[in-house]
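Data first, discussion second: the structure below is written as structure tokens.
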Number of protein chains: 2
Amino acid sequence: MSRRIGKKGIPVALDALDTALLDLLQRDASLPVRTLADQVGSSPATCQRRIAQMRESGVLQKQVAIVDRQLVGRPLTVFVSVELDKQNAALLTQFEKRMAAEEDVMACYEVSGEFDFLIIVSAESMAQYHAFTREVFSSNNNVRNFKSMFAMNCSKFETRVPLPPPAGEPA
Amino acid sequence: MSRRIGKKGIPVALDALDTALLDLLQRDASLPVRTLADQVGSSPATCQRRIAQMRESGVLQKQVAIVDRQLVGRPLTVFVSVELDKQNAALLTQFEKRMAAEEDVMACYEVSGEFDFLIIVSAESMAQYHAFTREVFSSNNNVRNFKSMFAMNCSKFETRVPLPPPAGEPA
DNA sequence: TATGAAACCTGATATCT
DNA sequence: AGATATCAGGTTTCATA
């Protein structure tokens, strides 16, 4: 298996303690270090060290607040499939940069299949979304076509990734 | 405009201070209250109160750690379009419950268009994903068909939602 | 070399004006 | 809402295995 390398070339090797901490933090990043220590059966100092290391290596990217999109005035989630006209590397990158710059774009994936990109957009209203597409897709020469799929209901939205048990360490 | 109602029937009315705090916390939930206070031009006590209120009302759902999926051994993201056989309310709910129970399922949206659901799955490997589909989709009588779209590259992944300026308050 | 215990110091929380 | 006081939690140091 290829060894995983994180930020600043730091090799990433998570043991059982690391994964236990990550799992807890993915559920609730506001847990006191002391509580974490209790839960994983270690000391606050050690937990803190491990967390700092994982931050360093980039495994632990950040901790963020998750808001209720309905309550915050962003009730619309739209999945947009985008097909580009020309797909040379420079133009793909250009498109990605454009998406990265748009605040309403929550995610941008290059995908296999019938089209090139799948974009996830968060919008205030249909009118606002319409204006967005006009500006971002319709006026982009390299966008051959795009199709919008509207989320009518979201029954699950999870940021937490299940963590595989630590890969068998060399004996 | 319909007034927004949060958890426990608490009406949600965010002013400029609230949105400023939410915006900061969506970027970095580990910021000390004191820093928040400085940034938004208020006192720590007030900021803390506002944050507690937003937690109460459900606007602020939780704070979580975001991990690097590559580095953590979950390199595969798959978008699955699912078409059900029968779409009565009970069966839709049953399907959603099943998705909610699956750890690999990051999101489940009911969507408009050619199919019924769009599922976002995080997987360890192609083999593991294949096993997942067999168990979750192929052996579900009510799934008419499903199609997998594989993310080849993720150029943007954002949990932060742009916050509209506070709606015009009554004079 | 990494861990756990304890001291220290910063930030969260509650009370009061 | 803001200032202050109290207390809990994060952070560092040191001793240890």
Side-chain angles (χ1 to χ4, degrees), chain A residues 3-67 163 165-171, chain B residues 7-8 10-67 71 163 165-166 169-171:
Chain A
R3 210 172 160 77
R4 290 192 280 266
I5 303 296
K7 255 188 353 189
K8 179 59 198 156
I10 302 172
V12 174
L14 305 173
D15 66 7
L17 180 57
D18 293 316
T19 46
L21 288 170
L22 274 188
D23 189 59
L24 288 169
L25 289 172
Q26 279 193 104
R27 294 170 197 268
D28 185 353
S30 71
L31 291 174
V33 181
R34 204 172 185 147
T35 306
L36 293 174
D38 291 346
Q39 300 257 353
V40 302
S42 181
S43 73
T46 298
C47 289
Q48 175 135 306
R49 261 186 290 257
R50 296 304 190 92
I51 291 170
Q53 283 166 16
M54 293 193 289
R55 244 183 239 291
E56 250 327 91
S57 70
V59 181
L60 187 43
Q61 294 186 322
K62 56 182 172 176
Q63 55 193 80
V64 301
I66 304 294
V67 305
L163 297 175
E169 280 134 42
Chain B
K7 254 187 359 185
K8 178 60 201 157
I10 303 171
V12 174
L14 304 172
D15 66 8
L17 179 57
D18 293 316
T19 46
L21 288 170
L22 273 188
D23 190 59
L24 288 170
L25 289 172
Q26 280 193 104
R27 295 169 197 269
D28 185 353
S30 71
L31 292 173
V33 180
R34 187 165 182 161
T35 308
L36 293 173
D38 291 347
Q39 300 258 353
V40 302
S42 182
S43 73
T46 297
C47 289
Q48 175 132 308
R49 259 188 290 259
R50 296 304 190 95
I51 292 170
Q53 283 165 17
M54 292 194 288
R55 244 184 238 292
E56 240 343 79
S57 69
V59 181
L60 186 43
Q61 294 185 322
K62 54 182 174 179
Q63 55 193 84
V64 300
I66 304 293
V67 305
L71 294 181
L163 297 175
E169 279 132 46

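FYI, side chains are in, hydrogens and waters are out, and symmetry mates aren't considered; it's all heavy atoms of this structure. Labels below follow one simple rule: chain letters A, B, ... track the order of the sequence lines, proteins then strands, and each chain is numbered from 1.
Judged as a side chain to side chain contact (heavy atoms under 4.5 Å, CB included), and not counting sequence neighbours, the contacts of B:Q48 are B:V33. Every residue was checked against the side chain to side chain contact (heavy atoms under 4.5 Å, CB included) condition with A:K7, not counting sequence neighbours, and none meets it. Taking the side-chain hydrogen bond (donor to acceptor under 3.5 Å, both in side chains) definition, one finds that A:T46 meets it with A:S43, sequence neighbours left out. Partners of A:R55 under the side-chain hydrogen bond (donor to acceptor under 3.5 Å, both in side chains) rule, at least two apart in sequence or in another chain, are A:Q63.
With contacts defined as side-chain heavy-atom distances shorter than 4.5 Å, the pair A:L163/A:L14 does not qualify. You'll find the side chain of A:L36 reaches within 4.5 Å of the side chain of A:I51, heavy atoms only.
Contacts between residues 23-40 of chain B and DNA chain C, defined by a heavy-atom separation under 4.0 Å, are made by B:P32, B:V33, B:R34. Of the residues in residues 45-63 of chain B, those lying under 4.0 Å from DNA chain D by heavy-atom distance are B:A45, B:T46, B:R49, B:R50.
Within the 3.5 Å criterion, the main-chain N or O of B:D15 finds a donor-acceptor partner in the side chain of B:T19.
Salt-bridge formation is detected for the pair B:D23/B:R27: a Lys NZ or Arg NE/NH1/NH2 atom is positioned less than 4.0 Å from an Asp or Glu carboxylate oxygen.
One finds no side-chain N or O of A:S42 lying less than 4.0 angstrom from the OP1 or OP2 phosphate oxygen of C:dT3.
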